[in-house]
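Proteins get letters first, then strands, A, B, ... in listed order; numbering begins at 1 in each. Only a predicted model underlies this, so the values are computations on that prediction, with no experimental measurement involved.
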Amino acid sequence: MVQYLLNVYQPDAELPAPELARVMERVTAWDKEVKNAGAWVFTGGLHHASTATVVRAKDGDALLTDGPFVEGKEHIGGFTVIRATDLDAAVEWARKLSEAAGLPIEVRPMQTVD
Amino acid sequence: MEPVSIAEIERVFRAEYGRAVAVLVRALGDIDVAEEAVQEAFTAAADRWPRDGLPPSPAGWIITTARNRAIDRMRRESTRAERQAQAVALLTPDGPPQESPVRDERLRLIFTCCHPALAVDARVALTLRLLGGLTTAEIAHAFLVPEPTLAQRLVRAKNKIKSAGIPYRVPQGADLPERLKSVLAVIYLIFNEGYTASSGERLSRAHLCEEAIRLGRGLVELMPDEPEAQGLLALMLLTESRRAARTNDDGDLVPLADQDRARWDRALIAEGQALVRRCLRRGRPGPYQIQAAINAVHSDAAEPADTDWGQIRQLYDQLLAYTPTPVVALNRAVAVAEADGPATGLALVDDLDDSGLERFHLYHAIRADLLRRLSRCAEAVAAYEAAIARTDSEPQRAFLQRRRALTDRCLGDPVAGPEGGER
């Protein structure tokens, strides 16, 4: 079993409330399906990218920058860690999540901790 | 035992390398270790076979030797428990399979190499490396890529297979059609790269066609119930049958209508046509089968005038339904021009003027040819100029320049478009 990080890439512009509610409903159903299948490890929903702070250590001080590390129109809006037998299985979960959220999903294998 | 020449060992290498790597990848779970072991086995063969003669089963000998080398290596390096466990797995009598399930092993490997999570250029390089046994230098040369770039592409792809857990498995059920498409596309890409090569690199790249046909044959053998795999093989064989006639002694491109049909390879045509008939009988047509059928119709004609353009147009109608792309529409227009006259064909070509095709030389070359046949000389010359400006291939350019020169006379005699139009 490999653990995979599924990153949800989300436009910074927010969805209108009714549409957002529908998306949340579908994503919750997906979440439940992953849990029932025993594939769920961890989920983290994130606040808007504009709330991020980038920290760089410099001469013992912390240099802070307001905003996300990468400037852009899309940022990671949330992530889920799942466990799967192989990439095909992980891709199938990602496909379902992408369908539910209407957004692209980045699948990254996680390094195994021995 | 018979004495064995280096050429014979080379032949065994070409024929068996992919099988051996596939079996070893399955047994060892690691592509790099498998490749290394198989290479060592072939080195041992080059040393032993000329002296001892060819073993009864060369493939079995290679696989067993490679497996033993891998075990030796693991014993030497088995500081880590994981390696030890691998060596144990290999030593278990009913552990890894040897020769009988070899077919499935090769099939697994090609689906891994052509996995859609890998970039297309990585799929091509991996397939040629692992199943074709081509060296990194050979692949780099054939694709006109610097060798370090190609080497890095391979390392990166193999690393992704391992880290991301790309499975070593033949996809089942609903996944199979899409995944098979990727395998077929990779093989056809290899073939086309070899076929459309310009004269300077002709030799090294013709090798790619040979390799693609070898892979296609392997796939048909492994998936006898997939008519599209047969269709692809037939398409490649029929295209390849015209290689000798496709260029003249100066390396200039000869269009289909002007080719010396006596130089077409009859054996390849017979094999290709038999395959077309066999796959079409299954009643599950697809784009490769239809393209093969189009080529089979061309191969049927002893003279260009005998070509059944009506049937070709019908096949393009079908093809357009499967793959409604501007390129297919353009090729269909060529068939319509032959069946119903250049004016009808030109109208279809002109309909494609904002399809993105105007960036490619073939669009302008076909337009130029139709205009010339309609005696619209000035427009034809302008279209040839546009085509010449858009090709990087020296033989193509020379061909178009000859056509442009002919157009100055502008006799309006029927001459078919440049080759490529029929494919």
task = Could you please spell out the steps behind the side chain to side chain contact (heavy atoms under 4.5 Å, CB included) verdict for A:Glu92 and B:Asp175?
result = CA-CA 11 Å; A:Glu92 180 54 17; B:Asp175 290 340; 5.9 Å; no
task = Please say whether more than 12 non-hydrogen atoms of neighbouring residues, nucleotides or ligands are located less than 6.0 Å from CZ in B:Arg282.
result = yes
query = Considering residues, nucleotides and ligands other than A:Arg95, do more than 12 of their heavy atoms fall under 6.0 Å from its CZ?
reply = yes
query = So which heavy atom on A:Leu87 is nearest to which on B:Ala117, and how close?
reply = CD2-CB, 3.5 Å
task = State, yes or no, whether a side-chain contact exists between A:Val91 and B:His115 at a heavy-atom distance under 4.5 Å.
result = no
key: Nearest heavy atoms of A:Pro109 and B:Ser163, plus distance in Å   = CB-O, 3.2 Å
For chain B, the option from A:Thr85, A:Val2, A:Asp88, A:Val107 that forms the most heavy-atom pairs under 4.5 Å = A:Asp88
message = Are there over 12 heavy-atom neighbours, none belonging to A:Asp66, within less than 6.0 Å of that residue's CG?
response = no
task = Kindly give the heavy-atom pair with the smallest separation between B:Gly165 and A:Asp86, and that separation in Å.
result = O-CB, 3.2 Å
query = Taking atom CD of B:Gln152 as the centre, does the number of heavy atoms from other residues, nucleotides or ligands within less than 6.0 Å exceed 12?
reply = no
inquiry  = Taking NZ in B:Lys162 as the centre, count heavy atoms belonging to other residues, nucleotides or ligands within less than 6.0 Å. Is the count above 12?
reply    = no
inquiry  = As an exercise: rank B:Ala164, B:Pro171, B:Pro116 by heavy-atom pairs under 4.5 Å with chain A and give me the winner.
reply    = B:Ala164
request  = Flag yes if more than 12 heavy atoms outside A:Glu25 fall under 6.0 Å of its CD atom; otherwise flag no.
outcome  = no
